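Please read all numbers here as calculations on a predicted model, not as lab measurements.
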Amino acid sequence: MANVVVIGAQWGDEGKGKITDLLSRSADLVVRYQGGVNAGHTIVVDGTLLKLHLIPSGILYPDTLCLIGAGTVVDPRVLIAELDMLLDNRIDVSGLKLASSAHVTMPYHRLLDKALERNRGPYRIGTTGRGIGPTYADKSERSGIRIMDLLDSDGLARRLCPIIRQKNEFLQNLYGLEPLDADAVIREYVGYGQRLAPHVVDGTRTIHAAARNRKNLLFEGAQGTLLDLDHGTYPYVTSSNPVAGGACIGAGVGPTMIDRVIGVAKAYTTRVGEGPFPAELQGDLNHHLTDRGGEFGTTTGRRRRCGWFDGVIGRYAVQVNGIDCLAITKLDVLDELAEIKVCTAYELDGEVIDDFPVDACRFACCRPIFKTLPGWQTDTSPCRSLEDLPPNALAYLGELADLLQAPIAIVSLGPDRGQTILVEDPIHGPKRGLLSH
């Protein structure tokens with residue numbers, strides 16, 4: 001029995017959806033522990049492309065329960081649309097559970113998110129505009145609406161009426177927007193509650209019941225380490241804690257329950273939105289990685305910024321998450337390149353540093369120091385074992401393992417489930433990989 005956390009080791013968009021889907025076949029319960037519809041992952045199963053924002057990809061396995069935990073913020077409109085999409089694809093959604101204490105993204109959260117971002121002007125953060133930050137702000141301010149509130153129409157009306165009056169003052173007087181109709185919002189969200197009621201559970205009780213029965217638990221984070229509210233490139237971060245420690249808070253478990261942490265990283269680096277990015281590429285190479293890697297946001301469709309693999313942020317991710325092993329994705333995107341660079345350190349104020357500077361201003365001043373490696377210029381997408389890989393591709397993976405001081409357990413060579421090399425069993429195997437440092 002093993003309880004595993006899967007986290008992003010970069011700025012998100014690392015391919016966690018595919019890795020979570022892959023690992024879910026060994027899991028009895030998959031728990032999404034933070035974030036909201038600002039996250040998204042794309043899964044390809046037998047040629048069918050599925051885009052999910054809130055529902056864990058474990059839903060594709062009929063015997064796997066999936067819980068949207070208390071630490072997430074839930075936009076019920078999006079959740080219901082995802083349920084309908086899965087049903088249209090003849091996928092059983094009876095295994096989906098929704099924590100009653102998860103907070104709800106309301107219409108005023110989306111409006112305020114977009115208005116706040118517009119007002120930041122040149123200092124914009126690059127939010128998705130989906131209302132995530134304002135939802136978490138209300139949660140911290142203790143004026144949030146939770147899933148359980150949607151199940152009580154009278155109680156919801158009593159809670160929402162004064163809140164909407166206050167939010168309308170902001171919308172009208174501060175941002176010049178039209179006010180919300182409180183009665184219409186209440187009716188809409190009571191309807192959402194009725195639709196979601198069969199899925200609502202006590203999240204903590206569900207998790208601990210599975211643990212008592214010695215089930216395999218998989219905790220799925222959204223976004224990535226460098227977007228963590230406390231440990232990322234603040235202020236260009238998300239509003240929650242994607243790091244492994246966030247699983248304990250968002251799911252409601254103690255740290256002693258976690259057996260293993262798997263970090264997911266692309267074979268290069270991407271970032272969406274604003275903020276410093278030392279290893280970022282410009283020109284043809286940037287476009288090559290973007291187009292070949294399909295680097296467009298699942299949630300917003302925005303073009304991602306691409307760069308070489310950054311070993312400095314990778315080492316930092318290993319440290320703050322306690323990563324046991326790595327899953328390296330999109331190795332095949334590099335197949336056509338004659339040479340590949342890896343950022344091994346930064347130059348800052350005339351000195352070489354190999355630690356991540358938490359000060360965003362200092363980070364913005366960092367210049368990457370690269371090591372150049374030969375490419376392999378061979379199609380790796382058909383490879384299904386390490387022995388199938390070209391020697392230079394294998395050497396590149398070994399370089400990443402050495403640089404991050406963490407073993408590689410999984411190598412992904414395309415979006416489909418089958419396009420994967422399992423170096424070791426990341427759930428039940430020993431805490432080492434065949435590419436260990």
Subject >> Salt-bridge criterion met for Glu117 and Arg120 (N-O under 4.0 Å) >> reply: yes
Original post:
In a check of salt bridge (charged side-chain N to carboxylate O under 4.0 Å, His left out) between Glu295 and each of Arg304, Arg303, Arg305, which one passes?
Top reply: Arg304
Subject >> Close aromatic pair by centroid cut-off 6.0 Å: Phe277 and Trp11 >> reply: yes
**OP:** Carefully, step by step, assess Asp310 and Tyr316 under the rule side chain to side chain donor-acceptor pair (under 3.5 Å).
**Re:** CA-CA 10 Å; Asp310 189 327; Tyr316 178 73; over 6 Å; no
Subject >> Residues in side-chain hydrogen bond (donor to acceptor under 3.5 Å, both in side chains) contact with Asn119, at least two apart in sequence or another chain >> reply: none
Original post:
Salt bridge between Glu188 and Arg77, side-chain N to carboxylate O under 4.0 Å?
Top reply: no
Subject >> Polar side-chain atom of Asp113 near backbone of His109 as donor-acceptor pair, under 3.5 Å >> reply: no
Subject >> NE2-SG distance between His288 and Cys306, expressed to the nearest 0.5 angstrom >> reply: 10.0 Å
Subject >> Gap between atom CZ of Arg315 and atom CD1 of Ile323 - 0.5 Å precision >> reply: 13.0 Å
Subject >> Salt bridge present between Arg110 and Asp75 (N-O < 4.0 angstrom) >> reply: yes
Subject >> Non-hydrogen side-chain atoms of Ile262 and Leu326 separated by less than 4.5 Å >> reply: no
**OP:** Please check if atom CG in Asn213 has more than 12 non-hydrogen atoms from other residues, nucleotides or ligands closer than 6.0 Å.
**Re:** yes
**OP:** Decide, yes or no, whether a salt bridge links Arg195 with Asp84 under the criterion of side-chain N to carboxylate O below 4.0 Å.
**Re:** yes
Subject >> Beyond-backbone contact of Thr329 with Leu413, side-chain heavy atoms, under 4.5 angstrom >> reply: no
Subject >> Spatial distance of atom CD (Glu336) from atom OG1 (Thr378) [nearest 0.5 Å] >> reply: 11.0 Å
**OP:** Specify whether Phe363 and Phe356 have parallel, tilted or perpendicular ring planes, treating 30° as the upper limit for parallel and 60° as the lower limit for perpendicular.
**Re:** perpendicular
Original post:
Which distance, rounded to the nearest 0.5 Å, do you find between the CG of Leu50 and the CG of Leu60?
Top reply: 6.0 Å
Original post:
Which residue, Asp228, Thr128, Thr127, Asn38, forms the side-chain hydrogen bond (donor to acceptor under 3.5 Å, both in side chains) with Thr238?
Top reply: Asn38
Original post:
Looking at side-chain heavy atoms only, is the closest gap between Asp63 and Asp28 below 4.5 Å?
Top reply: no
**OP:** Quick one: do Leu285 and Leu337 satisfy side chain to side chain contact (heavy atoms under 4.5 Å, CB included)? Show the steps, please.
**Re:** CA-CA 9 Å; Leu285 270 173; Leu337 300 179; 3.9 Å; yes
Subject >> Spacing of Thr269 atom OG1 and Arg271 atom CZ [to the nearest 0.5 Å] >> reply: 11.5 Å
Subject >> Under the side-chain hydrogen bond (donor to acceptor under 3.5 Å, both in side chains) test, residues paired with Glu14 that sit two or more places apart >> reply: Lys16
**OP:** Would you please name every residue forming a side-chain hydrogen bond (donor to acceptor under 3.5 Å, both in side chains) with Ser385, sequence neighbours left out?
**Re:** Glu387, Asp388
Original post:
Does the cation-pi check pass for Arg417 over Tyr61, that is, NZ or CZ under 6.0 Å from the six-membered ring centre and within 45° of its axis?
Top reply: yes
Original post:
Hey, is Asp335 close enough to Arg292 for a salt bridge, meaning N to O under 4.0 Å?
Top reply: yes
**OP:** Would you indicate whether the side-chain heavy atoms of Asn3 and Phe219 approach each other to under 4.5 Å?
**Re:** yes
**OP:** Could you walk me through whether Met85 and Lys51 pass the side chain to side chain contact (heavy atoms under 4.5 Å, CB included) test, one step at a time?
**Re:** CA-CA 9 Å; Met85 179 271 294; Lys51 293 186 177 183; 5.7 Å; no
**OP:** Test Gln34 against Gln223 for side chain to side chain contact (heavy atoms under 4.5 Å, CB included), laying out the working first.
**Re:** CA-CA 9 Å; Gln34 50 75 226; Gln223 288 94 29; 3.4 Å; yes
Subject >> Side-chain heavy-atom pair Ile68, Val74 within 4.5 angstrom cut-off >> reply: yes
Subject >> Ile313 side chain near Tyr346 side chain, heavy-atom distance below 4.5 Å >> reply: yes
**OP:** Assess whether side chain to side chain contact (heavy atoms under 4.5 Å, CB included) is satisfied between Val37 and Ile132, documenting all intermediate values.
**Re:** CA-CA 8 Å; Val37 298; Ile132 307 306; 4.2 Å; yes
Original post:
Could you give the distance from OG1 (Thr225) to CD1 (Ile7), rounded to the nearest 0.5 Å?
Top reply: 4.0 Å
Subject >> side chain to side chain donor-acceptor pair (under 3.5 Å) assessment of Thr135 paired with Thr105 >> reply: CA-CA 6 Å; Thr135 309; Thr105 296; 3.0 Å; yes
